[in-house]
Amino acid sequence: MPEIRHNETIDTLLHRRSIRAFADERIDEDTIFSLETAAQHAASSQFLNDWSAIRIEDPAIKQALAQIGKQPYIAQAPLLYVFVLDEHRNAAIAQQQDIDVNSDEFTLNSSYRFSQAQNDGAFALHAMETAANSLGLGCVILGSILNDIDRVINLLGLPQYTYPLLGLAIGKPAQNPAEKPRMPRSMQFFVNQYPQHDGVILEGLQEFDDRVHKYYDLRNTARPVDAFSAQIAKASTDKEVLVRNFGHAQRQGFELDK
């Protein structure tokens with residue numbers, strides 16, 4: 001049976017948890033500089049650097065984002081970022097190089113570039129989160145800011161060819177939650193080819209369902225949560241999120257069918 005090799009980096013990743021309660025302690029400038037620099041060292045597809053991050057310091061904007069996300073702790077985070085898919089900067093550079101961004105020659109607004117920039121922003125956010133965890137800070141990734149994308153775009157003054165991706169709240173932990181269970185490796189890691197029979201993929205699912213259900217029951221006994229399988233079934237028919245996000249992206253200038 002193989003064993004995990006331990007070092008500081010691997011242990012930081014193995015023990016990551018979402019922290020939703022923070023001590024009322026300011027994050028110093030050296031730490032902020034370190035976290036932002038770490039984010040900049042994440043991988044970038046074709047070196048396009050097609051993401052940006054907005055540090056939210058205005059209490060009113062923090063409160064608005066907390067209302068959008070329906071999560072009060074967003075406003076209480078000592079350090080709060082919104083990561084943004086950003087082809088606006090590259091469009092401005094292209095214009096400077098005499099490219100007509102309103103012509104068919106311009107492709108930074110395509111589905112491919114949208115997805116690549118989305119990936120790059122996620123890589124950068126994860127690098128920042130890991131760096132913060134390694135310094136003893138806690139984080140929570142905030143998909144909830146996308147509950148009202150139009151309002152986020154207006155709040156942050158996002159121009160054409162940008163799109164909000166995720167938020168990241170950072171601070172000194174004021175809680176010690178249990179670590180969430182992880183799917184068996186056999187369900188996510190394969191050799192040479194994807195399994196040709198679903199029975200191989202789903203082996204171990206019942207045990208994972210049980211572990212996830214137990215985890216949520218222990219975390220909040222007053223609000224039982226469905227097993228993993230039931231959560232996936234519910235998400236698989238959630239058309240509202242798909243339609244909402246597609247429309248907002250088009251209004252920001254992206255041609256997602258291009």
If we count only N and O atoms by modelled type, under 3.5 Å, do the side chains of [X] and [Y] hold a donor and an acceptor together?
X	Y	result
Q206	D210	yes
R17	N176	yes
T31	D28	yes
N90	E87	yes

Query - E129 side, atom CD; C139 side, atom SG - distance, nearest 0.5 Å - result: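 Nearest 0.5 Å value for the CD-SG distance: 5.0 Å.
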Query raised in the report: From D120 CG over to D50 CG, what is the distance, rounded to the nearest 0.5 angstrom?
Result: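 It comes to 4.5 Å.
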Out of curiosity, does [Y] fall in the hydrophobic cluster containing [X] (side-chain heavy atoms, cut-off under 4.5 Å, transitive links)?
X	Y	result
M183	V212	yes
L168	I32	yes
F123	F114	no
I27	I141	yes

Would you check if the side chain of [X] reaches a backbone N or O of [Y] as a donor-acceptor pair within less than 3.5 Å?
X	Y	result
K172	P78	no
Q252	P159	yes
Q175	R20	yes
Q196	Y194	yes
R89	W51	yes
S44	N49	yes
D148	I68	no

Going by heavy atoms in the side chains, are [X] and [Y] under 4.5 Å from each other?
X	Y	answer
P2	R185	yes
Y73	Q76	yes
E36	M128	yes
L146	V152	no
L108	V101	no
H6	L14	yes
L79	F22	no
K180	R182	yes

Can you tell me if [X] has over 12 outside heavy atoms packed within less than 6.0 Å of its [atom1]?
X	atom1	result
D24	CG	no
H197	NE2	no
E179	CD	yes
Q160	CD	yes

Query - Shortest non-hydrogen separation from F83 to G121 and the atoms involved - result: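 Closest heavy-atom pair between F83 and G121: CD2-O, 3.8 Å.
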Requested in this report: Tell me, with the steps shown, if Y163 and Q118 meet side-chain hydrogen bond (donor to acceptor under 3.5 Å, both in side chains).
Outcome: CA-CA 9 Å; Y163 195 77; Q118 196 171 35; over 6 Å; no
Report task. Evaluate the side-chain contact (heavy atoms from CB on, under 4.5 Å) criterion for residues D150 and R251: first the C-alpha distance (whole Å), next the side-chain angles of each, then the deciding distance (0.1 Å), finally the verdict. Result -> CA-CA 10 Å; D150 275 342; R251 285 196 290 277; 3.6 Å; yes
Requested in this report: In sequence, state the C-alpha distance, the side-chain angles, and the governing distance for Q46 and R113, and then conclude on side-chain hydrogen bond (donor to acceptor under 3.5 Å, both in side chains).
Outcome: CA-CA 11 Å; Q46 297 183 272; R113 291 301 181 198; 2.5 Å; yes
**Report entry** Aromatic ring pairing F106/Y161, orientation class (parallel under 30°, perpendicular over 60°, tilted between)
**Finding:**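 Aromatic pair F106/Y161 classed tilted.
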Query - Derivation and outcome, side-chain hydrogen bond (donor to acceptor under 3.5 Å, both in side chains), residues N133 and T12 - result: CA-CA 7 Å; N133 288 336; T12 294; over 6 Å; no
